[in-house]
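Throughout, numbering of the chain's residues begins at 1 and tracks the sequence. Both counts, for ligands and for their atoms, begin at 1 and track the order of listing.
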Amino acid sequence: YRAKQLGRNTLQHHDGDGAPLGMPLGEHEELHQAITGDQLFLEYQPQVDVATGRITGIEALVRWNHPAKGRVPPVNFIPLAEETGLIVPLGLWVLNEACRQARAWQDMGLAPVTIAVNVSAKQFADPDFASHVAEALERHRLQSHWLELEVTESVVMQDAERALAMMESLRAIGVRLSIDDFGSGYSSLAALKTFPFDRLKMDRSLVEALPGDKTAVAIASAVISLAQTLKLSVLAEGVETDAQMDFLRQARCEEAQGYRFSRPVSPEAATLLLQAQSI
Ligand code: C2E
Ligand code: MG
Ligand code: MG
Ligand code: MG
């Protein structure tokens, strides 16, 4: 399943729109080239069980290898992709590539792990999104419960009614839904009350000052118990130190992700990490 095909099938109507006001046409064109021209790739970051240290999931993170500028971080092109609508074909490529990799790992006989894919607002608002997800799972013969979709609260709060309907379609397929960067925005509690998430990912900003800072401890503890009360599993993002891990273990946070375990790595390096625990 090639990014090139995706580009041909889905980019046409965006071309007609041209670049939005204030957007240099060059950048728009370059991003289009990236999607259609094999310049995108994925890195993978493990998510580990806090109690056992085992990898339970892997988050796929997109990267752009720009022919002249080299590696462009996602913060520098995801917003552009959102603005131009290119996020739809880009996100479809990410979804398919992540499912393909998850299938490849299962075919290697490695213990299955969840594959987590980030989904942005425009993708989530696309009425075809749920069928794209179902098609990707079918194409790669991946059972739906191995796929987790990560959305931020801003994605679901923009048009709550439509987002709720989309979440219900996705749940009917059987994929898992997590709220990403929880605690970084304004309306986190409303989002939890309204939407059927399976998992809460506590934002790195709430983890950073653990365990030395009393306020940080109070907030993180409250978020973890909130998740437990709402029957959501909880993962701490941006875990970098042993002291943070010790705190999370005591606070009964279930999973963690961060440089403490691994940075986002190439597929080959991720394979080695999975193999190391399959022996
Ligand atoms: P995110 O989904 O919250 O992903 C976690 C980000 O935190 C990643 O940055 C990761 O490299 C970084 N990170 C992980 N552990 C640590 C740590 O211990 N310390 C620190 N300082 N950082 C850590 P990255 O890869 O630059 O991605 C940034 C954001 O770009 C993501 O945040 C996500 O919102 C977006 N993104 C990445 N890939 C995709 C994609 O395929 N589709 C969409 N729509 N968004 C994506
Ligand atoms: Mg994420
Ligand atoms: Mg996050
Ligand atoms: Mg983030």
- Item | CA sep, side-chain torsions, deciding dist, call: Leu149, Arg176, side chain to side chain contact (heavy atoms under 4.5 Å, CB included) | CA-CA 6 Å; Leu149 300 175; Arg176 301 188 350 142; over 6 Å; no
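- Distances from ligand 1 to the non-hydrogen atoms of Glu237 include at least one value under 4.0 Å.
- Looking at Arg63 next to ligand 1, an N or O pair under 3.5 Å apart turns up.
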Sequence neighbours excluded and cut-off under 3.5 Å, please list the side-chain donor-acceptor pairs for residues 269-279, or say none.
residue	atom	partner	partner atom	Å
Thr271	OG1	Trp105	NE1	2.8
Thr271	OG1	Pro267	O	2.8
Gln277	OE1	Ile55	N	2.8
Gln277	NE2	Ile55	O	3.1
Ser278	OG	Leu274	O	2.9

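- Between Gln228 and Arg252, the shortest heavy-atom distance links the atoms NE2-O, 3.3 Å.
- Contacts between Glu59 and ligand 1, counted as non-hydrogen atom pairs separated by less than 4.0 Å, involve the side chain only.
- Heavy-atom proximity to Ser120, at under 4.0 Å, picks out these atoms of ligand 1: 44 (N).
- Distance check for Asp203 against the Mg ion (ligand 3): none of its N/O/S atoms falls below 2.8 Å.
- A donor and an acceptor atom, one from each side chain of Ser233 and Glu254, are nowhere located under 3.5 Å apart.
- Taking the Mg ion (ligand 3) as reference, Asp180 places its N/O/S atom OD1 nearest.
- Side-chain atoms of Asn65 and Arg71 include no donor-acceptor pair closer than 3.5 Å.
- The two residues Pro46 and Gln257 have their closest heavy-atom pair at O-CG, 3.5 Å.
- When you scan the N, O or S atoms of Glu59 for the one nearest the Mg ion (ligand 2), you land on OE2.
- Any N or O atom pair closer than 3.5 Å counts here, and Gln257 shares no such pair with ligand 1.
- Close approach to Val239 involves these atoms of ligand 1, each under 4.0 Å from a residue heavy atom: 18 (O).
- Contacts with ligand 1 closer than 4.0 Å are made by side-chain heavy atoms of Val94 only, the backbone lying farther away.
- Across every non-hydrogen atom of Pro127 and Met166, the tightest pair is O-CE, 4.2 Å.
- Going from atom CD1 of Ile115 over to atom CZ of Arg103 covers 12.5 Å, rounded to the nearest 0.5 Å.
- Residue-ligand proximity, Pro264 to ligand 1, at heavy-atom distances under 4.0 Å covers atoms 11 (O).
- Here the N, O or S atom of Glu150 that is nearest to the Mg ion (ligand 2) is OE1.
- Look at Gly91 and you'll find every heavy atom at least 4.0 Å from all atoms of ligand 1.
- Taking CD of Glu153 as the start and OG of Ser184 as the end, the distance is 6.0 Å to the nearest 0.5 Å.
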- Query: Is there a side chain to side chain contact (heavy atoms under 4.5 Å, CB included) between Val48 and Val239 once you walk through the steps?
  - Reply: CA-CA 11 Å; Val48 307; Val239 176; over 6 Å; no
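- For atom 28 (C) of ligand 1, the nearest non-hydrogen atom from the set Pro74, Ala121, Ala60 comes from Pro74.
- Applying the 4.0 Å criterion to heavy atoms of Gln45 picks out, from ligand 1, the atoms 14 (C), 15 (N).
- In this structure, CZ on Phe124 lies 10.0 Å from OG1 on Thr152, to the nearest 0.5 angstrom.
- Short contacts between ligand 1 and Asp181, defined as distances under 4.0 Å to a heavy atom of the residue, involve ligand atoms 3 (O).
- Summarising the geometry of Ala98 relative to Tyr44, their closest heavy-atom pair is CA-OH, 4.2 Å, with the distance given to 0.1 Å.
- The shortest heavy-atom distance from Glu82 to ligand 1 is not under 4.0 Å.
- Leu90 pairs with exactly one of Val94, Leu92, Val88 by the side-chain contact (heavy atoms from CB on, under 4.5 Å) rule, that one being Val94.
- Inspection of the Thr56 and Glu255 side chains reveals an N or O donor paired with an N or O acceptor under 3.5 Å.
- One finds an angle of 80° at the Mg ion (ligand 3) between OE2 on Glu237 and OD1 on Asp181, to the nearest 10 degrees.
- Taking every non-hydrogen atom of Gly258 and a distance limit under 4.0 Å, the qualifying atoms of ligand 1 come out as 15 (N), 18 (O).
- Arg263 does not count as a contact of ligand 1, since none of its heavy atoms falls under 4.0 Å from the ligand.
- Each of the following atoms of ligand 1 lies closer than 4.0 Å to a heavy atom of Glu240: 17 (C), 18 (O), 19 (N), 20 (C), 21 (N).
- Those atoms of ligand 1 that come under 4.0 Å of a heavy atom in Arg204, given as number and element, are 19 (N), 20 (C), 21 (N), 22 (N).
- Using a cut-off of 2.8 Å, one finds that Ser178 contributes no N/O/S atom close to the Mg ion (ligand 2).
- For atom 46 (C) of ligand 1, the candidate residues are Leu42, Leu40, Asn118; the nearest heavy-atom contact is made by Asn118.
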